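Small disclaimer: the values here were computed from a predicted structure and weren't measured. We're numbering straight along the sequence, starting at 1.
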Amino acid sequence: MPQPFLHELVSCVHAPAVALSDADGQIRPGGVQGVLLHDRRALSTLLVDVNGVEPTPVGHAVHDAGTARFVSVARDLGDPGADSTVRVERERRAGPDGIEETLTLVNAARTAVECVVRVRAGSDLAAMDDVRRGGRPPLAALTSAGSGTCAWDGEDVRVTLLAADGAGTHGDERTPVMYETDAERHAVFAWRVSLPARTRWSTSLRLTVERIAAAGGAEPVTATSAFLPAADGPGWSEVDVSGPAELERLVDRSVEDLAALALADPMAPDDVFLAAGSPWFFTLFGRDSLWAARLTLPLGTDLARGTLRTLARRQGTKTNPDTAEAPGKILHEVRQDTLAVGGPGGLPPLYFGTIDATALWISLLHDAWRWGMPAEEVTEFLDPLEAALGWLTGDADADGDGFLEYIDESGHGLANQGWKDSNDSIQFPDGTIADPSIALSEAQAYAHEAAIGGAALLEAFGRPGADRLRDWAEVMRERFRTTFWVSDRRGSFPAIALDGGKRPVDTATSNLGHLLGTGLLNPEESARVAARMAESDLDSGYGLRTMSADAAGFNPLGYHSGSVWPHDTAIGMLGLSRAGHHRAAASLAFGLLRTAPDFAFRLPELFAGTDAHAGDPVLAYPASCRPQAWSAAASVVMLTAALGLEPDVPGGTLRVAPAADFAAWWPLRVSGLRIAGHSLAVAVDASGQVEVQTSAPVKVETRSV
């Protein structure tokens, strides 16, 4: 059964809860609509009617990540004539344990209104896997019900819905809530409302979801225990952008969404990381959580610390082909139960099938150190750092050819273990799927960068091994140069991968952007890669396509075969900036910002790779998650690239060098950034002059445009 579409649903998020509804606020059975929490659909139906008729929607607004307001009209009530005079307003607020909803009837008519307001609610308690596959199980039986309350109990959760008495806004007598059930096993709450002219009436609903402990008391906390809501979010202050209106709105919404995705480690609740995305990924993903923390380092290092710690606690200690675990390896994802993807049997709850998370963990630690993570915090990671470097330069190269490669040895894991993890993501220009084992180009780049960064950390903190790592990185660099480079009619570039026969998979893809700024390429090679990325088959004008439009397998709505992923575009943008190719970086930034209004400034997981140059519209990828942590983080990268931020707190410097190619955004001022625990504000005026304000113990080096 196809995965349910998400693109037209309204989402209210406060991790680990999400409420998904139609644009009128109604939660209708079928698809993915509902309130999802603890890997269950806690509520699958929530329908409001007035005198038995659903009101007609006239608009809605998402106020912040967790709050939405829906407005409808009751057309059969109120004054006669063309104008609607009775409104139904709903405000929904997501919280970490459920939702609250205020239901208001507004009478703008000249006469009083008499009506019955009803709310029908039902829960199917469907498992997340069933919801994702489009399943529609029958409604669960109510386990308790009465005036103003009802409940459903599953094997591991209890869902409670409370409905309050209603009241007018002018001290009118309270309207008691009535209760009944219908033939379909819905709980039905009703209020007989008498509403004078020019007044309003309100009631409220409160849905809570709590996990039921196993018989015998509280469950022990383990590496796969349910993650907790983050009590204080990711530790950021408010980010304020003064510049192009669309950039301001994108950053505002993105930072709100990032905070709404914050979760805490049950093994150490002070350690916060970002869940990958809503609604399917309210959990820890090595790659996603690491990239999200890394891309948002200009907002502070607290999130990086929590992410590094949470993953280090679960770092591999043994060799286990069934889970892909190996000593020193950083995991791919954590679930409470087996996940029905991959081969028969699904993914185990603690799954290590990723070729890149270990290198990304090392690079996050290095970059957080450069942004000013205190030395005493860095020191606590030195042992897991050495273990990670051991895996990177050892077990990661299974066949000893000098490159990192992967193959699923379990028969039920992921066939592809880079960020493009769909089955058809690694294909030749004629559409042929590459056979394993696969050595991804960006995995080599990540490893090279991690080795150089790891060497710097070991050297700075008095640990041995730095020279060996630098030698290892240099050998990889030379081997990559002689093995990966290919060309097509548009230019030369590194192949996306080597297949199991060590043949270069010579398709031009967005993976090129991940190579830049890692030290793997020399300046001349970086220039060739930047030029190839700027070609119209990859730069769609809305962002970077995952696969060249010239390839036989290109599909603008293909998951990894032609779509645009905001985080992927952002990584390419950052790499281009770090390598000095600012015009190409600015093109990607402007393209991504161009799409933001089409998604209400909440960038999705991915969208279609249509052609902006030809005037094609922005199209949704219908099953795309929103919000998605690394997509939201793309807005921070846009600021980083535009301002040219290059921190080196251990070296005592901060370089701020905005590029003239971003001049369309000037004047621009950004405050609420952090470096070494101190506030940072950067302003670029209309002429390109730079002003920096910070009390951090660094020398600020500026270069005006």
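- For the pair Trp666 and Asp685, the minimum side-chain heavy-atom distance is 4.5 Å or more.
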Discussion item. If you apply the rule ring-ring contact (aromatic ring centres under 6.0 Å, His included), what do you find for Trp485 with Phe480, and how did you get there?
Written reply: CA-CA 8 Å; Trp485 279 85; Phe480 185 92; 7.5 Å; no
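- With respect to Asp302 and Arg305, a salt bridge is recorded, a charged nitrogen being found less than 4.0 Å from a carboxylate O.
- When Arg489, Arg545, Arg532 are each tested for a salt bridge (charged side-chain N to carboxylate O under 4.0 Å, His left out) with Asp537, only one passes: Arg532.
- Between Trp472 and His448, the distance separating the two ring centers is not shorter than 6.0 angstrom.
- Side chain of Tyr542 to backbone of Ala608: no donor-acceptor contact under 3.5 angstrom is found.
- A cation-pi geometry, defined here as NZ or CZ lying under 6.0 Å from the six-membered ring centre and within 45° of its normal, does not hold between Arg294 and Trp630.
- At a threshold of 4.0 Å, the pair Asp367-Arg370 does not count as salt-bridged, since none of the basic side-chain nitrogens sits closer than that to a carboxylate oxygen.
- Proximity of a side-chain donor or acceptor of His567 to a complementary backbone N or O of Leu295 within less than 3.5 Å is not detected.
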Worksheet item: Given Ser561 and Lys420, is the side-chain hydrogen bond (donor to acceptor under 3.5 Å, both in side chains) satisfied, shown in steps?
Response: CA-CA 9 Å; Ser561 55; Lys420 293 178 178 176; over 6 Å; no
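- Taking the side chain as every heavy atom from C-beta outward, Thr296 and Trp236 approach each other to under 4.5 Å.
- When the options Arg626, Gln628, Arg602 are evaluated for a side-chain hydrogen bond (donor to acceptor under 3.5 Å, both in side chains) with Asp257, the one that passes is Arg602.
- Comment: Glu474 does not engage Arg481 in a salt bridge, judged by the lack of any side-chain N to carboxylate O separation of less than 4.0 angstrom.
- For CG of Asp471, the number of neighbouring non-hydrogen atoms (other residues, nucleotides, ligands) closer than 6.0 Å is greater than 12.
- At a threshold of 4.0 Å, the pair Glu701-Arg703 does not count as salt-bridged, since none of the basic side-chain nitrogens sits closer than that to a carboxylate oxygen.
- Counting heavy atoms from C-beta outward, Leu606 and Pro604 have side chains that stay 4.5 Å or more apart.
- Contact check for Asp568 versus His514: side-chain heavy atoms found under the 4.5 Å cut-off.
- Centroid-to-centroid, the aromatic rings of Trp419 and Tyr446 stay 6.0 Å apart or farther.
- A salt bridge does not link Arg309 with Asp270: every distance from a Lys NZ or Arg NE/NH1/NH2 to an Asp or Glu carboxylate oxygen is 4.0 Å or more.
- Taking the side chain as every heavy atom from C-beta outward, Cys625 and Ser278 never approach each other to under 4.5 Å.
- By the 6.0 Å and 45° rule, Arg253 does not stack over the aromatic ring of Phe601.
- Residues His582 and Ser587 have side chains not in contact (no heavy-atom distance under 4.5 Å, counting atoms from C-beta outward).
- Ring orientation note: the planes of Phe285 and Phe281 are nearly perpendicular, at an angle over 60° on the 30°/60° scale.
- For CD of Glu8, the number of neighbouring non-hydrogen atoms (other residues, nucleotides, ligands) closer than 6.0 Å is 12 at most.
- Counting non-hydrogen atoms of other residues, nucleotides and ligands closer than 6.0 Å to CD of Glu478 gives a total above 12.
- Aromatic ring centres of Tyr621 and Tyr559: separated by under 6.0 Å.
- Using a 4.0 Å cut-off between a side-chain N of Lys or Arg and a carboxylate O of Asp or Glu, Glu246 and Arg249 do not qualify as a salt bridge.
- For Phe607, the ring pair (Phe, Tyr, Trp, His ring centres under 6.0 Å) test picks out Phe599, with sequence neighbours left out.
- Side-chain contact between Thr569 and Val564: present, with at least one pair of heavy atoms (C-beta onward) separated by less than 4.5 Å.
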